[in-house]
Amino acid sequence: MSYAAKLPLSTAKIARCRSIAKKIGDDVADLVRSHSTVGIERAVLRLLGIDSAADRGGLLYPQANLVVDQLAEHGRLQEGVLYWIANAMLHTGNDLSALKQSLDDGLDIGTLPERKRTKTEKLAKQLATRAQKNLLERVAHHKKSRKGLHDPAGQARPLLYQIVATGNIYEDLIQAKSAVKDGVEIVAVIRSTAQSLLDYVPHGATTEGFGGTYATQENFRLMREALNEVGQEEKKYFRLTNYSSGLCMAEIAALGALEGLDCLLNDAMYGILFRDINPIRTLVDQHFSRLICAQSGIWIMTGEDNYMKTTDAVKSGDSVLASQFINERTAINANVPLKQMALGHAMEMNPEYDKVILMELARAQMTRQIFPESPLKYMCNTKYKTGDIFTSHTIDTVFNMIGAFTGQGTLLLGMPTEAVHTPWLQDRSLSARNATYIVRGAEGMVNELGFRSDGFISKFAQDVLDDAVKLLEKIHRIGFLKAIEKGVFADVKRPRTGGKGASGVFPIEPGRYVNPLYKMMGSRI
Amino acid sequence: MSYAAKLPLSTAKIARCRSIAKKIGDDVADLVRSHSTVGIERAVLRLLGIDSAADRGGLLYPQANLVVDQLAEHGRLQEGVLYWIANAMLHTGNDLSALKQSLDDGLDIGTLPERKRTKTEKLAKQLATRAQKNLLERVAHHKKSRKGLHDPAGQARPLLYQIVATGNIYEDLIQAKSAVKDGVEIVAVIRSTAQSLLDYVPHGATTEGFGGTYATQENFRLMREALNEVGQEEKKYFRLTNYSSGLCMAEIAALGALEGLDCLLNDAMYGILFRDINPIRTLVDQHFSRLICAQSGIWIMTGEDNYMKTTDAVKSGDSVLASQFINERTAINANVPLKQMALGHAMEMNPEYDKVILMELARAQMTRQIFPESPLKYMCNTKYKTGDIFTSHTIDTVFNMIGAFTGQGTLLLGMPTEAVHTPWLQDRSLSARNATYIVRGAEGMVNELGFRSDGFISKFAQDVLDDAVKLLEKIHRIGFLKAIEKGVFADVKRPRTGGKGASGVFPIEPGRYVNPLYKMMGSRI
Amino acid sequence: MASIVTSNLVPYGDTTGDGAVQMSFTLPIEPSPKAQEAASLLVRGWGFSDVKVAHMSKVGIGYSFFVVFGRSEKGVNYDKVIVPELTGTKLDYKQIDREILTKIGRPIRVIGANTGFDAHTVGLDAILNMKGFDGDVGLERYKGFYTVNMGSQVQVNVLVERAIKEKADAILVSKIVTQKDIHIADMRDVVSYLKKKGLEDKFILVVGGPRITHKLALELGYDAGFTIGARPSDVAAFILKRMLERKGKKD
Amino acid sequence: MASIVTSNLVPYGDTTGDGAVQMSFTLPIEPSPKAQEAASLLVRGWGFSDVKVAHMSKVGIGYSFFVVFGRSEKGVNYDKVIVPELTGTKLDYKQIDREILTKIGRPIRVIGANTGFDAHTVGLDAILNMKGFDGDVGLERYKGFYTVNMGSQVQVNVLVERAIKEKADAILVSKIVTQKDIHIADMRDVVSYLKKKGLEDKFILVVGGPRITHKLALELGYDAGFTIGARPSDVAAFILKRMLERKGKKD
Ligand code: B12
Ligand code: B12
Ligand SMILES: Cc1ncc(COP(=O)(O)O)c(C=O)c1O
Ligand SMILES: Cc1ncc(COP(=O)(O)O)c(C=O)c1O
């Protein structure tokens, strides 16, 4: 019997996975090259600072949407918004801020006559430079505000991540400040149910949400401010997360970057499988959103954990791993450094299974070994939780231990009341105390434990890797979109033409479409 | 870096500990050889079936006590009860059952004239044989009643142990049956506060106790019956435990053996340190009580876990280990097989310490390696529990995991309400569910994990062993009783002449004292 | 030992009739002896006796968490508790199939969806899809059922139109999100839409979800409500029973 | 967002004023829809609204465990909560020693014990012994205190006689076991024994334990009650304060 710090996983097989994922990434790149979306165009407008909203029968409808709607109406999307903003500036002689005012006053840039392309293109390029500069300045500003604070990401233990979800941003502020006081290091504000299906980003501070709070630029700002406030008191840097997957993937990335978010849940697969969003739409959106994240130091967090909720997690390890390889590749193509890729996975096996702790440990350790640089996002058990909040707390303890033992990057902490309601203040406090005890108590464990090379754990991990190789081969063989159609991921089938937001994708051509931001932000596509 | 299934503990040092413990055991043997106690004499009477009780102003006072009181009053203890019972039989011409009747009717054997010693000694020997036969028959009877039932002790995971403690035996029956239905495998009925200071065993079924239920022969019988009943339904053998340490250590062992108990908390050190019982009294009692346990297949469970409650458990590992070696030796001297020695220890370090999980794991694994055949009794954290029942449940989860990972024999399960009250039914159910999840989920882990040979865990365990060697040397050097006087164990100091029950010890001489049971039960002293 | 009084059924801790209850809550004040006393008074004010504040700890900023134990003598008259139960003999899927074949003579047509913005399909899938739940196969697997699973986030009008198109006998609604009682509003929407269209008696209407009770379902105008632990065969047996009743009425 | 109403302080879950409470209890009935309804009626009968029975599971034989959530509008008037607080400026052990030396002029004599059958000495030891508690040294370490720790299971008469013999200024009683309110009976025993002997004003009488409140201690005739988290220096400071008061009176 021999024991080692690492599971005996074949490096050749891991390399093989990466090489297939690269090819699958090329398929996605083809889609990205040949399409843009209304979401990407709005994101560009956001980066230009077009962030006002107009009252439309009680609803605050963003200016970014109005502009894109205008262009769509007049068949002008194919050039991209930058081109038409530049055109409008040239036409009106306005500078950008004057143009913004005109837009607020009702100017329709879809109807302005087209100026000379070369001039417009040149101005468009300047605008892009300005957008990027604006972005980088904001990022630098946020970075500065956390100077001198202790960054827990440097510690030899996982970061503790919790959600707040009251629906009311002001209650959220209470809960978030309390959470970080109680030991949490990353706060995620869950969005209201179905925000991800809205094809616009709501505006302003919001107080009404179901099972979550709207992601708005103002809500981001308020929350960032609140965390900074406690951060200054505690001399510690607290990270803020929100969710960008959905119809506004790129736009939320832009807003998040401007408002100093640190992480974004960002995964087209999540939109496809769990929100029934059109695959092409969201894969294309994803690339642009990741470019923004890459630029701004935002960790992207992927959603493979969710696959384990609709399948038997003992069996779906391969699809999770395959998806992680694909996500890694699509992120690389968007210039995201490995250290910013918080690939997702979860402890979602049925707690009643024999040896379930061995199997979970195996999968967690395997993932850790295969993606050594990723601040892996490890999600607690949720599906098998019941209203028995005590047993739920037990399961979370096991989760925290496995997370600590295997050195996961981020623990998405479980709540005792997971199966009952979105967390109460006390749930969050108990959850944080649980995790703090475990990660402190188990500090250093990562360097202590060995695994039996021919044991059950090693075998389980090896099997998952073997299956992932096969699965990736199959995905590549039949094609990525086809694989999604066939239900390879999470047992959910999504046709490439179906889903929400399909009408917001449009084909683009190199000579016509103008968006220098891709190149400027380092796109490898 | 090398990893191995076992911690690198020096076998030479372990052997050294055992050889010093043997010498300390010799010191204890000297005490045993030269003393008997009222408790031992009463135990002998119990084995002879003298189990009635007389109403003394509302209190049921056992016949066994009356007889011993009579002998004491007339200065006749030095011969031992067997001698005087035989004498009374010879004198009255009564057989044993007729004599019992006469005793119930008020016969005082302290005053009967002494017959010829050789004849009396011969009859005393026959009585001893009869006592032993009686015992072995009862043991065989209980063994038969569990034939065909699945014995969980055969499983590759720790046994689950819980206490019941309502104070009312009838409520206890409900709670005990529920406990085993919910997954518990060993039920312990905690005694009423301070029963251990009573110098008699209460009689009959009892319904009033503080923080526990009186240990009485009838209560034992009722509980055994209840567990057998559920056992037949579940086709599983459930073990029953009670507590014998205290002033009636030997007597309760006798009653427990007669009524089919499987385990007994049995440790003179517990009585000395935590109940302030006279050291000589209880060390002498202990030997006889262990002889009975050895004969009847009863697991003795020792109380080193308690040392960790009055000291800092990070630092008291050495005294726990030293005490375990001594307990092992005194048990060997009483003919107890290694497999019946459930040596005690606990997870009692402050959960707020950094690396506490590593230290606990180290200590638990060390103990497992040093006593490979013992069905180690591993006790949950209790001292650092607070009224926060959720966090308490978290701590118990960690305990269950460490217990399962290191293959402890028996887990004394924690209760969420440990710091609040003796358990409610629901506390016990939650506790059992917690443990069942963990021990099932972690089954096989014992064969999976390796430890880094030069890691923190290995080092911690090595240090405890090193310290234990030194401590045992010191105890041997200054003498065992002196060491107790100096507060070596649990930071508690107990003079050899002090404590409760000192008056119940009396010196014996070889020619005078008659008790063939020692030899018959295989005493090595 | 006291015996259990069903006419005033109270909780049980460790002594029959003790009325033992555990509670926890948070108060918007910092921990202090005064806060502890307030927690105790609060629980006593709710009618509990023998109140023990077992734990008080700081939560975040300006809040305290309490764990409290108390007793109540105020029980419930269990003999008088009436609850509609979804009874019916337990049948397995082969038996159900056989009964449908012989007594209905054609597959029963069912259509299911998560209405509103609910995207939690696991429960619905467990009932409808091949795979089933906990070893009990889903309706799709039955010869006796024709199933359509519309999945998540389906609007009521879309669901009903499809039900008409598919000539469904039964509509199965799944409601998981309950925040702000959205499940009740969503359940009402289905019924009122059917009423508006004059279709309230056309379909057997079944709902399921973790916070659904059969009682609630009946109150809101459904034929049945299923909850945690519901198995496809339970649902199948219920639908079959209701189909037979309907047939009986028609005959 | 609603603001906190201190005149009717209610629990907080996730919305100010929501009155959110978690409960758990066991009923002596097997789980069933009827049992679930009974649990819900029970909690509603206690005055809670929006009652959710989140969990029901079988416990042992004939019992069910419930986790229930509900809301209460019935708060407590926090402005009117009065609780005697053990105030006094926080002093460290050196300061206390200095004050004793200068103001009392001799060491204060204290004697402590667990009375009755209580054998839980950890708390008392934490206060009295050298080592102290949580980094705060015990009274034995002070120059200003002469301490006698009689340990566990001490009968009241034995304790009092020793106190007289030792010329103690203060008696320190520790009560940990609270089963069937034995701590209250035991606390009363000390006071009534002192009364019987006409010694009720002779000693400063202090009690401590996890279920003790200062309020309870005062009610039972003690000078002070300490509980979880009590530190030796708190106790020392209190005794010093009381000694000075007594001295003041005598002067
Ligand atoms: C899995 C899950 C998800 C998955 C869903 C994937 C999918 N395709 O279903 C994902 C990750 C997508 C998700 C997302 C969200 N979720 Co969610 N999710 C869960 C989770 C963990 C498990 C639910 C589950 O699958 N249970 C297992 C199944 C088998 O049980 P079941 O649904 O109860 O079904 C059984 C019975 O109820 C019954 N039944 C159910 N339906 C039907 C229908 C019929 C006709 C019949 C007969 C029977 C029946 O039979 C089933 C088998 O017995 C729960 C927490 C929990 N443990 O309950 C949270 C939970 C339901 N989610 C919650 C929330 C808030 C959300 C989000 C809104 C969060 C956000 N803002 O991002 C989103 C939005 C989703 C949306 N738009 O609806 C909350 C709901 C709070 C509340 N009480 O309202 C919960 C309780 C978590 C929490 N504590 O916050 N979630
Ligand atoms: C350690 C312990 C033991 C040890 C005690 C060793 C010893 N020498 O003290 C041993 C193993 C011997 C033991 C035995 C028993 N125990 Co015990 N034990 C505990 C345990 C785990 C911890 C208590 C403790 O040390 N706390 C740490 C100290 C520092 O806290 P503290 O006592 O509250 O003290 C602080 C304050 O209260 C205050 N304070 C306390 N005393 C004083 C005095 C003064 C003057 C002042 C100023 C302040 C003060 O200051 C201290 C520091 O801040 C508790 C459970 C728990 N977690 O609370 C059960 C517990 C107290 N034990 C319990 C029981 C039932 C028993 C037994 C009766 C069980 C049995 N039948 O065998 C026996 C009998 C003991 C007896 N005759 O009294 C129950 C009591 C139930 C109840 N509410 O009545 C508890 C709650 C466990 C349970 N849930 O069942 N126990
Ligand atoms: C990758 C990813 N994106 C987004 C979300 C949340 O999306 P929605 O707001 O639609 O619930 C999740 C939730 O788990 C996720 O994992
Ligand atoms: C070895 C041993 N004996 C006896 C007891 C119980 O004794 P008592 O009944 O005196 O509380 C314990 C309790 O922990 C113990 O560990």
Side-chain angles (χ1 to χ4, degrees), chain B residues 165-167 173-184 192-198 208-212 226 229-230 233 273-277 306 309-312 350 352 382-383 385-387 389-390 416 419-422 424-430 432-433 490-494 500, chain D residues 22-31 55-68 113-126 129-135 138 149-155 175-183 185-186 209-211 227-229:
Chain B
T166 69
L173 297 178
I174 297 179
Q175 303 247 345
K177 288 200 274 186
S178 285
V180 295
K181 273 274 184 191
D182 291 343
V184 167
S192 181
T193 311
Q195 174 175 359
S196 41
L197 301 185
L198 298 180
E208 280 294 329
F210 290 96
E229 187 189 312
V230 191
E233 276 168 47
L273 303 171
F274 301 103
R275 289 294 173 271
D276 194 10
I277 291 177
N306 297 291
K309 298 188 195 202
T310 51
T311 57
D312 183 337
N350 187 338
E352 291 189 2
T382 60
K383 184 168 131 191
K385 293 260 186 109
T386 69
I389 56 178
F390 297 91
V420 188
H421 48 226
T422 47
W424 290 356
L425 195 68
Q426 67 191 50
D427 299 326
R428 209 169 287 110
S429 164
L430 290 168
R433 259 183 283 163
D491 278 0
V492 178
K493 298 173 186 175
R494 299 294 185 200
K500 286 143 183 125
Chain D
Q22 174 272 325
M23 274 175 240
S24 76
F25 52 79
T26 303
L27 290 178
I29 43 176
E30 290 278 335
H55 178 73
M56 167 175 68
S57 62
K58 187 173 159 69
V59 172
I61 306 163
Y63 291 82
S64 312
F65 172 59
F66 295 90
V67 177
V68 180
N114 282 75
T115 64
F117 288 113
D118 210 322
H120 292 88
T121 55
V122 177
L124 183 68
D125 291 348
N129 295 2
M130 208 63 96
K131 192 162 62 173
F133 181 66
D134 206 11
N149 182 347
M150 293 183 72
S152 71
Q153 312 175 139
V154 179
Q155 280 166 286
K175 291 303 334 159
I176 313 299
V177 176
T178 60
Q179 203 75 4
K180 305 199 173 144
D181 281 341
I182 184 83
H183 61 307
D186 284 356
R211 283 289 98 66
T227 189
I228 296 166

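Naming: A, B, ... by sequence-line order, numbering from 1 per chain. We use all heavy atoms of the structure for the numbers below, so side chains are in, but hydrogens, waters and symmetry mates are not.
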- Query: Where does B:S192 contact chain D at under 4.5 Å (heavy atoms): side chain, backbone, both or neither?
  - Reply: neither
- Looking only at D:G60, D:S57, D:A119, the option with the highest number of non-hydrogen pairs under 4.5 Å against chain B is D:G60
- Query: Do B:S178 and B:R428 touch side chain to side chain, with heavy atoms closer than 4.5 Å?
  - Reply: no
- Which of the residues B:K177, B:R433, B:Q175 is involved in the greatest number of heavy-atom pairs with chain D at under 4.5 angstrom? B:R433
- Where on B:F274 is there a heavy atom nearer than 4.5 Å to chain D: the side chain, the backbone, both, or neither? backbone
- Message: I'd like to know whether D:F117 forms a side-chain contact (heavy atoms from CB on, under 4.5 Å) with D:I182, so could you lay out the CA-CA distance, the side-chain angles of the two residues, the decisive distance to 0.1 Å, and finally the verdict.
- Response: CA-CA 10 Å; D:F117 288 113; D:I182 184 83; over 6 Å; no
- Message: Within the structure provided, determine whether B:K181 and B:V230 are in side-chain contact (heavy-atom separation under 4.5 Å).
- Response: yes
- Message: Less than 4.5 Å to any heavy atom of chain D: does that hold for the side chain of B:V420, its backbone, both, or neither?
- Response: both
- Message: I need the residue from B:V180, B:L430, B:N350 with the largest number of non-hydrogen atom pairs under 4.5 Å to chain D.
- Response: B:L430
- Message: side chain to side chain donor-acceptor pair (under 3.5 Å) for B:Q426 and D:S24? Distances and angles first, verdict last.
- Response: CA-CA 9 Å; B:Q426 67 191 50; D:S24 76; 2.9 Å; yes
- So which part of D:S64 gets closer than 4.5 Å to some heavy atom of chain B, the side chain, the backbone, both or neither? neither
- Message: For a quick check under 3.5 Å, do D:Q179 and B:T422 share a side-chain donor-acceptor pair by atom type?
- Response: yes
- Task: Test B:I277 against B:L197 for side-chain contact (heavy atoms from CB on, under 4.5 Å), laying out the working first.
- Result: CA-CA 8 Å; B:I277 291 177; B:L197 301 185; 4.2 Å; yes
- Salt-bridge criterion met for B:D276 and B:R494 (N-O under 4.0 Å): yes
- Message: Given heavy-atom pairs under 4.5 angstrom as the criterion, report whether the side chain, backbone, both or neither of B:K309 touches chain D.
- Response: backbone
- Note on the structure: Whatever's closer than 4.5 Å to a heavy atom in chain D on B:A419 counts as backbone
- Message: Please classify the contact of D:V59 with chain B as side chain, backbone, both or neither, using a heavy-atom distance under 4.5 Å.
- Response: both
- Part of B:R275 within contact of chain D (heavy atom distance under 4.5 Å): both
- Non-hydrogen atoms of chain D under 4.5 Å away: do they reach the side chain of B:D491, the backbone, both or neither? side chain
- Task: Determine whether more than 12 heavy atoms belonging to other residues, nucleotides or ligands lie under 6.0 Å from atom NZ of D:K180.
- Result: yes
